[in-house]
Structures are given as structure tokens and as C-alpha cells.
Amino acid sequence: VPNRLTARRLLAIVDLAATAVFALEGALAGIIAQLDVFGVRGVGVVTATGGGIMRDALIGDTPPAAFRQQRYFATAITAAVLAILLQHVADAIPAWLLTGLDAAGLGLFAVAGAEKAMEFGLLPLMATLMGGLTAVGGGTLRDLLLGEVPAVLRVDVYAVAALAGAATLVVARDRARLWVAMSTGAGITFVLRVAAAAGDWNLPVPGR
Amino acid sequence: VPNRLTARRLLAIVDLAATAVFALEGALAGIIAQLDVFGVRGVGVVTATGGGIMRDALIGDTPPAAFRQQRYFATAITAAVLAILLQHVADAIPAWLLTGLDAAGLGLFAVAGAEKAMEFGLLPLMATLMGGLTAVGGGTLRDLLLGEVPAVLRVDVYAVAALAGAATLVVARDRARLWVAMSTGAGITFVLRVAAAAGDWNLPVPGR
Amino acid sequence: VPNRLTARRLLAIVDLAATAVFALEGALAGIIAQLDVFGVRGVGVVTATGGGIMRDALIGDTPPAAFRQQRYFATAITAAVLAILLQHVADAIPAWLLTGLDAAGLGLFAVAGAEKAMEFGLLPLMATLMGGLTAVGGGTLRDLLLGEVPAVLRVDVYAVAALAGAATLVVARDRARLWVAMSTGAGITFVLRVAAAAGDWNLPVPGR
């Protein structure tokens with residue numbers, strides 16, 4: 001079954017890429033919050049693995065992949081240490097770079113989460129929601145730990161972008177090659193999120 | 001086994017009723033917190049499904065019912081959208097209505113959670129606790145996301161009311177028809193909670 | 001298989017001892033935060049059982065031990081009630097006693113969590129991380145509920161101490177009797193944590 005194997009490998013690669021991106025981004029947030037080196041690594045690891053662990057616990061794939069395979073934590077810790085080693089540039093990190101990294105991680109986790117949920121037999125709509133949860137879960141844990149209102153509630157077009165990418169993957173996966181479906185979905189999330197941040201898009205607020 | 005089927009259907013109905021009530025109440029809280037339309041729906045959905053998802057993840061019924069059956073999210077989103085459409089009345093929502101909706105959801109989830117835990121073979125005391133967790137879980141997530149100290153710690157006679165209803169269900173389910181046991185349990189939670197809010201009942205504070 | 005039985009019994013004892021210590025410490029924190037009697041018990045129970053419940057949900061041992069065996073909640077509630085009965089001394093509780101209790105619970109849960117994860121077949125590094133999560137999980141939930149930045153991020157040498165104890169257990173369990181490995185691991189966590197608190201050890205902060 002070479003096609004399934006390829007799909008599994010592709011899923012693993014996307015999962016790891018999202019892990020690295022979110023760890024880097026979470027560690028940079030920890031540096032800005034002036035945590036100590038261990039706290040910075042901790043926040044990086046939680047940001048990077050939190051969404052996937054939630055997804056795996058909920059779809060019943062326990063222990064979660066992050067606890068079965070050393071590469072998730074190894075990737076997350078390496079990325080966080082990289083952020084620490086680059087600490088002297090932390091003050092100079094432009095906001096758009098953090099936004100871009102976050103958008104990339106969001107897109108990759110959205111399609112990885114939705115694809116894994118589909119493979120575990122969830123209905124398409126549910127798999128889309130699970131993709132969204134995978135994408136926003138790690139960042140939400142990070143914000144709760146740092147005492148901030150989670151980005152998913154604070155930032156317009158955040159969860160919406162993740163759900164759009166996950167929905168794209170769910171619709172496209174039977175109609176195109178998996179890598180096409182996954183990169184299209186992740187790309188849609190990325191573009192939506194970055195465009196919303198750049199253009200300061202706002203969703204309507206009820207009652208205003 | 002028509003009796004089991006009826007029990008299952010009754011459980012599903014109570015679960016859905018609680019989902020709708022909590023989604024409405026969570027969405028109203030989101031409107032008051034001036035979130036955008038997506039945030040309002042998100043808070044409504046988390047309030048409505050959070051407790052049941054925690055329960056199912058813990059008793060090992062994965063993926064949780066909310067991720068297997070579309071009706072949970074469909075109900076929650078419909079109720080949240082209803083709250084948004086009624087946004088012009090949001091400013092005029094009296095506190096007692098929010099309290100009443102919350103008390104109703106609390107009671108319904110307490111008995112639904114305890115009943116499902118009993119069906120999964122938990123001991124009576126544990127099933128009571130699981131009923132309490134199901135009832136307060138969604139609201140606790142909502143409050144954490146909105147940056148508030150959870151109602152379960154802030155408000156007197158909140159978890160107590162949920163546990164009383166769950167305990168009633170656990171004791172009564174073998175001694176009466178299930179719908180009698182469930183409505184009695186939910187009613188006890190509702191009455192206790194509303195009476196405590198109306199009468200401003202306070203539990204003793206150690207050290208005062 | 002008397003050796004396995006002994007290991008299981010030892011694990012249960014350590015798990016319960018940690019539960020009692022964390023419940024006492026969590027309840028004292030609740031008293032200081034001026035919660036009512038039910039809130040104090042609730043915070044005590046969450047602090048005591050939260051880490052173990054997270055661990056069991058993640059390694060797939062559902063329902064978690066705390067929901068299968070009444071002794072966990074019974075122990076936690078007894079310890080919390082004890083804290084309430086001693087409420088008149090709560091104002092006089094010295095900070096070092098809270099730190100000491102917390103360090104003891106941290107060490108006991110670190111080795112209990114790592115040992116259970118090893119028994120469930122996790123890789124050594126993953127079991128170490130799971131031990132750390134078991135140790136810091138309950139306190140992190142407590143801090144989030146009370147609206148504080150979690151100790152694990154706030155306090156230097158906290159998660160580090162838990163991970164050191166868990167790693168010691170993982171390395172020593174095949175080379176020594178289990179009770180030796182467990183008490184050495186728990187002792188290392190305790191000594192590291194108390195020494196760090198007493199000596200005000202600080203980890204480097206990136207960027208300073």
C-alpha cells in the first residue's frame with residue numbers, strides 16, 4: 001500500500017514542520033515575556049505540541065504521537081533552543097515575522113489535524129473542526145499560561161483562517177493528490193491570516 | 001432491548017438540550033464581552049460542548065460524542081447564531097435570565113454526565129463527580145478563555161448544586177424510571193442554583 | 001508475579017501520598033485566596049488529582065485511576081477538610097511549609113508519573129516528560145483557576161526539579177529496587193526544589 005505509506009509520511013512531515021514553526025514562535029513569545037531559559041523552552045514545547053496532543057487525546061490515538069515518537073519533542077526543543085541562541089535579536093524581532101510564523105504553523109497544523117481526523121473516520125465537518133482545534137490549541141494553551149486572553153478570541157480571522165484551510169483539505173483530499181490538497185489548505189490559511197493581519201480586517205461585533 | 005434504547009435516546013435528548021442552553025448562554029456572555037461574531041460563536045460552542053468532551057475523553061469514549069455526531073455542534077452553532085440575531089436585545093438581557101439558563105444547563109449536564117458515567121461502569125461516587133465535571137466543565141473553559149476567575153470558584157452553590165443533581169440521578173436511577181430520575185436530578189440542581197442566586201446564599205469562608 | 005504486584009502497590013502508595021500532600025497544599029492556597037469551604041475543597045481536589053488525570057488520559061488508561069478508585073478523591077477530600085479544620089492557623093502558615101509540601105508532592109508525582117508511563121511502554125525520554133507533566137499538571141490547573149501565572153513558569157527550578165526526579169527514576173528503575181529508585185528520584189526533586197527556593201536560585205533569562 002505505497003500510497004497510504006506516502007500519506008502517512010507526508011502527514012508526519014507536515015506535523016513536524018508545524019511543530020518546529022510553533023516552537024520557534026512560542027519560544028520567541030516566551031523571550032519577549034522575559035521567562036528564564038527553561039520557561040522559554042517550556043512555552044515553546046507547549047505551543048508546538050499542545051494542539052496535536054489535544055487532537056490525539058480526543059480522537060483516541062493514545063498515547064499521543066508526541067509521546068510515542070521522540071522526534072516531536074526533539075524538534076520542539078531544538079527550535080526553542082535556536083530561538084534562545086538568537087536571543088540578542090529577540091528585541092529586534094519584527095511583529096510581521098511572528099505573525100508570519102504563526103500563520104504558517106496555523107496552516108500546517110490545520111491540514112495535519114484535519115487529515116489525521118479523516119483517517120480516524122471522523123465525519124468531514126467534525127474533521128474540519130478537529131483541524132481547527134489542532135491549529136489553535138497550542139497557541140491557546142500558551143496564551144492561557146502567559147495570562148493573556150487567547151489569540152483565538154482576541155484576533156479577528158484567526159480560527160476562521162484555520163477552519164478554512166482544514167475545510168479545503170477535507171474537500172480536496174479525495175479530488176487531488178494529498179500533497180496538493182495539504183499545501184493548498186495550508187496556503188489558504190496562511191494567506192487569509194496574513195492578509196487579515198496586514199489589512200487589519202475586522203469581523204462584525206454584535207451589538208455595535 | 002427497547003428499554004436501553006429509550007435510555008440512550010433520553011440521554012441524547014438531555015445532552016442536546018443542555019448543549020443548546022449552554023450555547024445560548026455562552027454566546028450571550030461573548031456578546032457582552034464584545035467579541036466579534038466568530039468569537040461569540042466560538043465561546044458559545046466551547047461552553048456548550050466543553051464539559052461533554054472532557055467527560056467523554058476521561059471515560060474513554062473517544063472520539064467524544066460531539067466529534068462523532070454532527071448534531072452537537074449543529075445545535076450549539078444554531079443556538080449561538082440565534083443569540084447573535086437577537087443581539088439588539090443583548091444589552092437588555094436581565095441577569096436573572098442568564099442565571100436561569102445557566103442553572104438549566106447545569107442541571108441537564110449534571111444528570112447526563114452522571115448517567116453516561118454509570119453506563120460506562122464508574123462507581124456511584126465517581127459518576128457523581130463526573131456529572132459535576134460535565135456540568136461545570138464548559139463554563140469553566142469559557143471563563144478561562146475570557147480571562148475571568150471561573151464561576152465554579154467565584155459563585156457560591158454552583159458546583160454544589162451540580163453535584164446534588166448528579167447524586168440524585170445516581171441514587172434514583174435504579175429506583176425509578178430514568179426520565180423521572182433525570183428530571184428530578186436536573187430539577188434539584190436548577191432549584192438549588194436559582195434559589196442560591198436569588199437568596200444570595202453564601203457558604204462559609206474558612207478563616208473569617 | 002509478586003514483584004509486579006509489589007511495584008503496583010508501591011506506585012499506588014506513592015500516588016496516594018502525593019495526592020494527600022497536593023490536596024493539603026492546594027486547599028491552603030484556596031484558604032489564602034479566601035474561597036468558601038466548597039471552593040477550598042475543589043481547589044484542593046483539582047491540585048491533587050489534576051496531574052494524574054492528565055497523565056492517565058494521555059497514556060490511554062481511561063477512565064483515569066482517580067475515577068476508577070474512590071481512594072484518590074477520598075484522600076484528597078480528607079486532606080482538604082483537614083486544611084479547613086486547621087483554618088485558624090492558615091494565616092500563620094509559613095511560606096517555607098507551603099514550599100516544602102509542594103516540593104514533596106512534586107517529587108512523589110514525578111516518580112509515580114514516570115513509573116506508570118514506563119509500565120505503559122513509553123520511551124524513557126517520553127516517560128520522563130510524562131513524569132514532569134504529572135508533577136506540574138495539578139498545580140498548573142490550580143494556578144489557572146485562581147487567575148495566577150502558573151508556578152511552573154513563574155518559579156525558577158520547578159519543572160527542572162520535577163524532570164530531574166523523573167529522569168532519575170527512569171534511569172535507576174532497572175538498576176535498583178523500585179522503592180530505592182522512586183525514593184531517590186523523589187528525593188532529588190525535593191532537595192533541588194527546596195534548595196532553589198531557599199537559595200533563591202535563578203536560571204538565566206535570555207536577552208538579559
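All chains are named by letter (A, B, ...) in the order of the sequence lines, taking the proteins before the strands, and each is independently numbered beginning at 1. Remember, it's a predicted structure, so these values are computed and weren't measured experimentally.
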Q: So what's closer than 4.5 Å to chain B heavy atoms on A/Thr140: side chain, backbone, both or neither?
A: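 The side chain, not the backbone.
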Q: Any idea which of B/Gly60, B/Gly147, B/Pro64, B/Ala33 has the most non-hydrogen atom pairs under 4.5 angstrom with chain A?
A: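 Option with the top pair count is B/Pro64.
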Q: Rounded to the nearest 0.5 Å, what's the gap from CG on A/Leu144 to CG on B/Leu145? Could you check?
A: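 CG of B/Leu145 is found 6.0 Å from CG of A/Leu144.
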Q: Answer with side chain, backbone, both or neither: which region of A/Leu153 has an atom nearer than 4.5 Å to a non-hydrogen atom of chain B?
A: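 Contact with chain B is through both the backbone and side chain of A/Leu153.
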Q: Is any side-chain heavy atom of B/Leu169 closer than 4.5 Å to one of B/Leu178?
A: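 Side-chain contact under 4.5 Å: yes.
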Q: Could you tell me the separation between the CG atom of B/Leu28 and the CG atom of B/Leu82, rounded to the nearest 0.5 Å?
A: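 It comes to 9.0 Å.
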Q: What residues, two or more places apart in sequence or in another chain, satisfy side chain to side chain contact (heavy atoms under 4.5 Å, CB included) together with B/Leu125?
A: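 With sequence neighbours excluded, B/Leu125 shows a side chain to side chain contact (heavy atoms under 4.5 Å, CB included) to C/Gln70, given in chain and number order.
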Q: Is there a side-chain contact between A/Arg41 and A/Phe38 (heavy atoms, below 4.5 Å)?
A: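 When only atoms from C-beta onward are counted, A/Phe38 and A/Arg41 do touch, with a gap below 4.5 Å.
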Q: Which residue out of A/Met130, A/Met126, A/Glu148 racks up the most heavy-atom pairs below 4.5 Å with chain B?
A: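 The option with the most such pairs is A/Met126.
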Q: Tell me which pairs pass ring-ring contact (aromatic ring centres under 6.0 Å, His included) where either residue lies in residues 46-67 of chain A, with sequence neighbours left out.
A: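 Qualifying pairs, neighbours excluded: A/Phe67-A/Phe73.
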Q: Please report the C-alpha distance between A/Val14 and A/Phe109 in whole Å, then the side-chain angles of each, then the deciding distance to 0.1 Å, and finally whether the side-chain contact (heavy atoms from CB on, under 4.5 Å) criterion is met.
A: CA-CA 7 Å; A/Val14 172; A/Phe109 266 140; over 6 Å; no
Q: Is any side-chain heavy atom of A/Leu11 closer than 4.5 Å to a side-chain heavy atom of A/Glu119?
A: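 When only atoms from C-beta onward are counted, A/Glu119 and A/Leu11 do touch, with a gap below 4.5 Å.
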Q: Taking the side chain as every heavy atom from C-beta outward, state whether B/Leu35 and B/Leu146 have any atom pair closer than 4.5 Å.
A: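 B/Leu35 vs B/Leu146: side chains touch.
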Q: Please list, in residue-number order, every residue in residues 42-57 of chain B that has a heavy atom less than 4.5 Å from any heavy atom of chain A; write 'none' if there are none.
A: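 Listed by number: B/Val43, B/Ile53, B/Ala57.
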Q: Given a strict heavy-atom distance threshold of 4.5 Å, which part of B/Val37 is in contact with chain A: side chain, backbone, both, or neither?
A: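 Its backbone and side chain both get close to chain A.
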Q: Start with the C-alpha gap between B/Phe22 and B/Asp102, add the side-chain angles, then the distance that decides, and say whether side-chain contact (heavy atoms from CB on, under 4.5 Å) holds.
A: CA-CA 7 Å; B/Phe22 263 18; B/Asp102 197 61; 3.8 Å; yes
Q: How long is the straight-line distance from OG1 of A/Thr75 back to CG of A/Leu16, given to the nearest 0.5 Å?
A: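 The OG1 atom of A/Thr75 is 4.5 Å from CG of A/Leu16, to the nearest 0.5 Å.
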Q: Can you list the steps and then say if A/Asp61 with A/Arg68 is a side-chain contact (heavy atoms from CB on, under 4.5 Å)?
A: CA-CA 10 Å; A/Asp61 185 28; A/Arg68 277 201 316 270; 3.3 Å; yes
Q: Among residues 158-165 of chain A, which residues come closer than 4.5 Å to chain B, judged by heavy atom distances?
A: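 The stretch touches chain B at A/Ala159, A/Val160, A/Leu163.
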